[in-house]
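Worth saying up front: this structure is predicted, and the values here are computed from it rather than measured. Below, chain A is the first sequence line, B the second, and so on; all start at residue 1.
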Amino acid sequence: MLVLAPAVCILSGIALSEAFNVLTRSMKFQRPISDDTLPTAGDSTPGSSSTATITTSTKNANIKKEKMGTISKERSSKKSRKETELVGSSPVRPEKEEKLCVLPSEASAMGILFLIMLCGLYVIHCVWAAAEAYSAPSIVLTSRSHDGLHVYDDFRESYAWLRHNTEVDDKVASWWDYGYQTTAMANRTVIVDNNTWNNTHIATVGTAMSSPEKGAWEIFNSLDVKYVLVVFGGLIGYPSDDINKFLWMVRIGGGEFPHIKEQDYLRDGNYRVDAQGTPTMLNCLMYKLCYYRFAETDGKGFDRARRYEIGRKHFKLTHFEEVFTTQHWMVRIYKLKPQKNRVRGKLKLKLKSSSKTSLMRKGAGKKNPWQ
Amino acid sequence: MATPLRLAALLLVLVAAFASAARADLVVSRADRKVDLTSHIVRVLTSLKVENAGSEPVSKVLLAFPNIQAKNLAAIRAFGTEGKVKGLSSVLPIEVVEPSGVPPELTFFSASLHKPLQKGKILHLDVLTVFTHFLQPFPEEITQADSQLVVFQDSSHYLSPYPVKVQTLSIRLPGGRVESYTKYGNTKLVDSELKYGPYEDVPPFSYNPIIVHFENNNPFAVAKELIREIEISHWGNVQITEHYNIVHGGARLKGEFSRLDYQSRPYARGVSSFRHLIARLPARAHSIYYRDEIGNISTSHLWSDSKKTQLEIEPRFPLFGGWQTTFTIGYGLPLQDFVFSADGKRFLNITFGSPMEEILIEKLIVKVVLPEGSKDIDVSAPFPTNQWQEVKYSHLDIAGRPVLVLEKPDVIPEHNLHFQVYYKFNNISLLIEPMMLITGFFLLFVACIAYMHTDMSISKNSPSYLAKLQWDEVQATVQQIQGIFHQCLAVHDKLETSLHDLSRTGDAKSCKAARKAADAQFKELAKELKPLLLSVQSSPQSYQIWPKLDDLVAKERELQDKLMARHATVVDSVEKKQRGQDIENRISSQQQKIAALRQEVESLLEYLSEI
């Protein structure tokens, strides 16, 4: 349909100019002239010597007047274009002279004013359409509510923070959708960006996002990543965030690394992050990074993008640390915690492991930690 | 910390070494010091009552500061009034002096009096000193939940080369917690104001270190570098562009930043961070923009009235300790408010520092871009700066615009005074740019005209060229033929009118006369037509239109004959006094043919005119 747009524009331009022609000519011919030859219908009786010129111009007007009777947007102007050519080539058209009609000058004045107003409204419409429909950058989101226009400039806020408050050599890991934006605006090295062809690369990042914290930390540490960036739309209801894209991370990761199985993340074939979510899903890095302390915002953890309460509400991060979250929680940036300096000696390790097992036994007696 | 120990050692050294070398002529009878610690820029106002206890008039008053303080001294101003009554004070010029016999740990400034202070007279001297980077955040790294504590070190005794009779010190704290302060006897902390003193009869160069550790959560906005570009355009605009690199100069944030805590309890979490920066722009500032490298920043508010324009901006994220951000602010000002002319020179009178409130600028670079063709550039600034000149190439520049660059470290809001740049500019030079554009376009159009009129054909004998020439000739001749035919048609019309007259008046004689005249005219026109027709026929390009021409000529002749015939019959019938109806019947068939022929002739003429 969009292919017809230029054709329609040209034809409507022609129609508009023909309409203006007709209306202005009818006004011009109806203004009082010095010699009293009014071009009335079918009159070819000669008058003074100047009628020769008037008759030739009358003939021109006549042709256009007979077209004016049938003006509808495209087809008639097409026809009229063809007719002007025919008329130009063949000199015989005596019968057409009979049919002309001149519009009364008030009607043509009204017509001209109406067309001008129409063109003005068209300009206003075009400006509005360009501003509203064609100028929506997907990096700045806006929404209208009863108290005005809300601007969500979270993406640029996070990129500006990364640009100014991290070291130049720090690497940022995120899903590949944000690679170019991070490179351009935050000026930091990313692991995968929009043009990565190496599927294993992407699968590595996907696996890291789908693994539990420790496994993810190991992967990111081996890639020398310092910051992890996730996009979260649960607070404001932004639908294209990383939780909705998460299944793709699982699939791509699982395609390369067999220990990631998609079925582990689905409950009865459904993808859920609420109380029905699988333990693997509720324990993976993406879930934790997105929903870290999210339940404390409203007490219940209602995710506005998914429209249900999340499954695991209160948990702590052991290997990552939150360094920045934007104003509407759309972008959350975490830092990899460095490894502990001291690795305890063997004796202490034994004691520690024994104490750990006792803790684990204690932990097993507690309630289900996912609720 | 090592510094209080060092200062204590200094005190001892000074008291020992200079008990004898004290200046004996001036005596400070009263010294009141007010220290303002509410913002991160420390302001100290010292009110001295100096009495000349010696015998000679004294024209300089010495002010001493330890080097540690003098390093951070950003501004020092002195105001003096003579006499007992505190009247109008005048600003005294201050300069750095190095009196002989002083240790290198002290820096001396001397205030020169307008009139030497006579023996026994009293001078009221107010000294305002401003220190930057003087409040040390302690601890240097805090978490989001902590509030910011800073340390202030000074002396409770006023350090002076003169003996001080009575002195007090009052420190105003910003409110909030006071962690600790040095207590000496009658030290009182009342309502966030710490009072030391009064101390009496303190010998010169006495120094009694105090340390105050208190909470200061006011915004510590420090601009690491500010580049302020002022561009003058004599067409009516002064455009100012400011590039900021702002960092939070307080205690650094360690650990995590939780947006939840910051949003839900901002007064408990992240209390030392700041979000807003307020800039006071001059009145009638227009076209204000606020953007950074990524794009436009939309979080800003503008209020303007007739006296000033207030711009409140929010960086993209709140600034916590150690965080930094960069942005650019630009605005335009009307030329007549800032550029004036005096003695044949023009001068720019504009503020030196940044319009932002309470901001400390570690390195300020002011670039004044003067229009092209400015000469004899001269600067007068109220404080010393580094100056040099550069050249900037902008639109429609030939030699470039001269740029005067002023650089100053450690600029505080007290430095926001006016400075002047003098230059000479010829009024005619204003027209250089429009004349350049006009001449450029003019030459372009002249070149186009010349190109259209020159004959660039390579060979004059090429067949297409010849054909074109012939066709032009043919067209010209055809035009002439057309003219003749129009004249013929005019004659036809005359005949018709004569017929009408006849039907009206019945005058056959004049009708006949008209017919004769028409006849003669026809013959004349035919004669004119002949050579033209011949020329058209001979031209090889006329093959298209020759048949039409031929046709036209034949029809025209036929029409002529028919018209003449009709005319004759009508006249005869009128003479024979026949009825109108009979006349009509006789000529009706002729009338139709005449009408048809006329149509054809006219259409052929139309066709000819269109080729």
[X], [atom1]: over 12 other non-hydrogen atoms inside 6.0 angstrom:
X	atom1	result
B/Arg252	CZ	no
A/Lys214	NZ	no
A/Lys171	NZ	yes
B/Glu140	CD	no
A/Asp147	CG	yes

Name the one of A/Val140, A/Val151, A/Thr142 that satisfies side-chain contact (heavy atoms from CB on, under 4.5 Å) with B/Ser298?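 Result for side-chain contact (heavy atoms from CB on, under 4.5 Å) with B/Ser298: A/Val151.
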
Determine the minimum heavy-atom distance between [X] and [Y], stating which atoms define it.
X	Y	answer
B/Trp323	A/Val323	CZ2-O, 4.1 Å
B/Asn296	A/Arg156	O-NH2, 3.0 Å
A/Arg293	B/Ser258	NH1-OG, 3.1 Å
B/Gly255	A/Glu321	CA-OE2, 3.8 Å
A/Asn165	B/Gly322	OD1-O, 4.3 Å

Min side-chain heavy-atom separation A/His164-B/Glu293 under 4.5 Å: yes

If I measure from the heavy atoms of chain A, does B/Thr326 come under 4.5 Å with its side chain, its backbone, both, or neither?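 For B/Thr326, heavy atoms of backbone and side chain both lie under 4.5 Å from chain A.
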
B/Thr325, part contacting chain A, at a heavy-atom distance under 4.5 Å: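 Both backbone and side chain.
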
Is A/Arg163 close to chain B through its backbone or its side chain, or both, or neither, when contacts mean heavy atoms under 4.5 Å? side chain

Contact part of A/Tyr292 toward chain B, heavy-atom cut-off under 4.5 Å: side chain, backbone, both or neither?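 Only the side chain of A/Tyr292 comes within 4.5 Å of chain B.
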
Could you check which of B/Phe320, B/Tyr262, B/Phe257 has the highest count of heavy-atom pairs closer than 4.5 Å to chain A? B/Phe257

[X] [atom1] to [Y] [atom2] distance, which is reported to the nearest 0.5 Å:
X	Y	atom1	atom2	value
A/Thr326	B/Phe317	OG1	CZ	12.0 Å
A/Gln327	B/Glu314	CD	CD	7.5 Å
B/Arg259	A/Thr297	CZ	OG1	13.5 Å

